[in-house]
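Single-structure report; data block below.
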Protein chains: 2
Amino acid sequence: MDTSQRQVQRTAAEQRRRELLEAADRVVLRDGPEASMNAIAAEAGITKPILYRHFGDKSGLYRALAKRHTDALLATLRAALDKPNDRRDRVEATLHAYLAAIEARPQVYRFLMHPAEDAADGEKGFDFGGHSAPLLRRMGEELAKVIAERLELGPDSEALARVWGHGIVGMMHAAGDWWLAERPTSRDELVRHLADLLWGRLAAAADRPGAPAL
Amino acid sequence: MDTSQRQVQRTAAEQRRRELLEAADRVVLRDGPEASMNAIAAEAGITKPILYRHFGDKSGLYRALAKRHTDALLATLRAALDKPNDRRDRVEATLHAYLAAIEARPQVYRFLMHPAEDAADGEKGFDFGGHSAPLLRRMGEELAKVIAERLELGPDSEALARVWGHGIVGMMHAAGDWWLAERPTSRDELVRHLADLLWGRLAAAADRPGAPAL
DNA sequence: AGACTCGTGTTACCGCAAGTAACCAGCAGG
DNA sequence: CCTGCTGGTTACTTGCGGTAACACGAGTCT
């Protein structure tokens, strides 16, 4: 078996892997994250063991699946962040992009945030609190990078940027999660209110007379 | 069997239930959220079926367990929020209380945020994105109430307060989760940086010269 | 040609956890 | 003595993740 053959086999394997991921995607989007390996294998027209050959175990498959979607989402977020010119507009555009994404495909969202857990501990033994939802972490780190690169934040800008990155992402996530479940207002209004929060309106607001202060 | 007997039996059942929850708590804290019903039953000195008699199914037990811890955490947060006098101090104290709690008992934290899922759909069929972690939602709603009560926010204060409530809680959660996993700085610094974010420092920061604007 | 060895696939199994059915013991009260 | 209730058990079913062992086809080496 010469090298060109190995080559073609490797790419064939990758092709196969992609197909399997497509199938897994379909069934996960249909049945939710608790889809069984049997179901996925069936959808792909094969049986369990070859799934295991390709992905090791369930969390391997889920990681691969999550990576695809996470990459895609991050790309659209980056794009949204780089279009407008005013800072407030950038922030609002990014929030909008995120919310539009989760609104358009809640199943994907649910899967990404809630990867059926058990973790399997990629490497280290402990991993407290890591709760295996890498999407939030990746978004947080990404945003932290942008903040640290582009803003003048004084001495400990490094730490500050990371805290802010994760904090803002968390804000977006929790608000989006709640909004998606209850739909209490329009997307525009939600975005405006979140941006207001980041713009310090909480700190600036007046105490309501007669009530205990905040 | 007269009514007083029924009474004593009911309280006895509740007593038993409490004991079972204690046992479940111990084993969940020891083995993590993937603790088996068998293990919990064993810890309580009994066998599975009576666990099922008391809690219906696994998620029933987990809900009961989560409620206890959630109530406790919320109580300490409320206390922290009502002690100081300056608004900034209130915010920082609350953040501190939350972070101290998750730092002190990461297992509890992990369990609350990551309830081994499967949900079982309390009532409705759909429940997208509900991801069965009621702690965040409850904290968000609670905070929203406080904000709406105490702050003068103009016409749509209702909507605004809820968005902010969930947003702030999400910020706290994501930052805390990241911090707990990586421990990049002290708790004090984290709290300060988060409060700075809420105080609008992101909006006020200067662009770094030479870099693309944000 | 025949033996070798991959890559791909299958069937059939193991172990384990959730959840349930059926049975059992003690004790009230007619 | 029988009846019924309450708290308990044993033993089962079902379903899933994961694996072992085997089978077939095609290219490769001698």
Side-chain angles (χ1 to χ4, degrees), chain A residues 1-21 23-24 27-28 30-65 115-122 132, chain B residues 1-21 23-24 27-28 30-65 111 115-121 132:
Chain A
M1 186 186 301
D2 63 33
T3 54
S4 75
Q5 289 246 359
R6 285 202 179 276
Q7 204 72 9
V8 74
Q9 280 197 347
R10 226 196 57 204
T11 67
E14 283 166 12
Q15 177 67 21
R16 197 87 186 86
R17 186 186 163 96
R18 239 173 323 223
E19 290 171 18
L20 297 186
L21 277 179
V27 53
V28 160
R30 170 160 38 84
D31 298 357
E34 54 278 337
S36 83
M37 293 298 265
N38 261 323
I40 294 174
E43 168 76 25
I46 50 172
T47 48
K48 270 193 300 177
I50 81 168
L51 264 189
Y52 282 93
R53 284 228 252 273
H54 276 275
F55 300 103
D57 63 353
K58 184 166 183 153
S59 79
L61 199 175
Y62 277 39
R63 264 196 302 274
L65 214 54
E117 88 172 81
D118 96 57
D121 288 14
S132 74
Chain B
M1 186 184 299
D2 62 34
T3 54
S4 73
Q5 289 242 1
R6 285 204 178 276
Q7 204 69 10
V8 73
Q9 279 195 349
R10 227 197 57 206
T11 68
E14 282 167 11
Q15 176 66 22
R16 198 86 186 86
R17 186 186 163 96
R18 237 167 324 206
E19 289 172 19
L20 296 186
L21 276 179
V27 51
V28 160
R30 169 160 39 82
D31 298 356
E34 54 278 335
S36 86
M37 293 297 264
N38 260 324
I40 294 173
E43 169 77 24
I46 50 172
T47 49
K48 268 194 299 176
I50 79 166
L51 264 189
Y52 281 92
R53 283 229 252 271
H54 276 275
F55 300 103
D57 64 352
K58 184 166 183 152
S59 78
L61 199 175
Y62 276 40
R63 262 195 302 274
L65 214 54
F111 167 70
E117 85 174 82
D118 94 57
D121 287 15
S132 75

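This is a predicted model, so every value here is computed, not measured. In the text below, chain A, chain B and the rest are named by the order of the sequence lines, each starting its count at 1.
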Starting at atom CD of A:Gln15, determine the distance to atom C1' of C:dT8, rounded to an integer number of angstrom.
16 Å

CG of A:Leu20 versus C1' of C:dT8: gap in Å, rounded?
11 Å

Could you pull out every donor-acceptor pair under 3.5 Å between side chains of residues 35-53 of chain A and any protein atom, sequence neighbours left out?
residue	atom	partner	partner atom	Å
A:Ser36	OG	A:Asn38	N	3.4
A:Ser36	OG	A:Ala39	N	3.0
A:Glu43	OE1	A:Arg30	NH2	3.0
A:Glu43	OE2	A:Arg26	NH1	2.8

Students often get this wrong, so: under 4.0 angstrom with heavy atoms, is A:Ile50 touching a base, only sugar-phosphate, or nothing?
base

Please tell me if B:Arg16 has a side-chain N or O lying less than 4.0 Å from either OP1 or OP2 of D:dG8.
yes

Hey, is the side chain of B:Thr47 poking within less than 4.0 Å of OP1 or OP2 on D:dG8, counting only N and O atoms?
no

Rounded to whole angstroms, how far apart are CG on A:Asp31 and P on D:dG15?
15 Å

Distance flag, aromatic centroids of B:Phe55 and B:Tyr62, threshold under 6.0 Å
no

Between A:Glu19 and A:Arg16, is the closest basic N to carboxylate O distance under 4.0 Å?
yes

Separation of atom NE2 in A:His54 from atom C1' in D:dG18, rounded to whole Å
17 Å

Should A:Arg17 be listed as having a side-chain N or O under 4.0 Å from OP1 or OP2 of C:dG7?
no

Reading nucleotides 13-20 of chain C from the 5' end, what letters show protein touch, with B for base, S for backbone sugar-phosphate only, - for no heavy atom under 4.0 Å?
----SBBB

Spacing of A:Leu51 atom CG relative to C:dG9 atom P, expressed in whole Å:
10 Å

Ignoring hydrogens and angles, does a donor from either the side chain of A:Arg53 or the base of C:dG7 sit under 3.5 Å from an acceptor on the other?
no

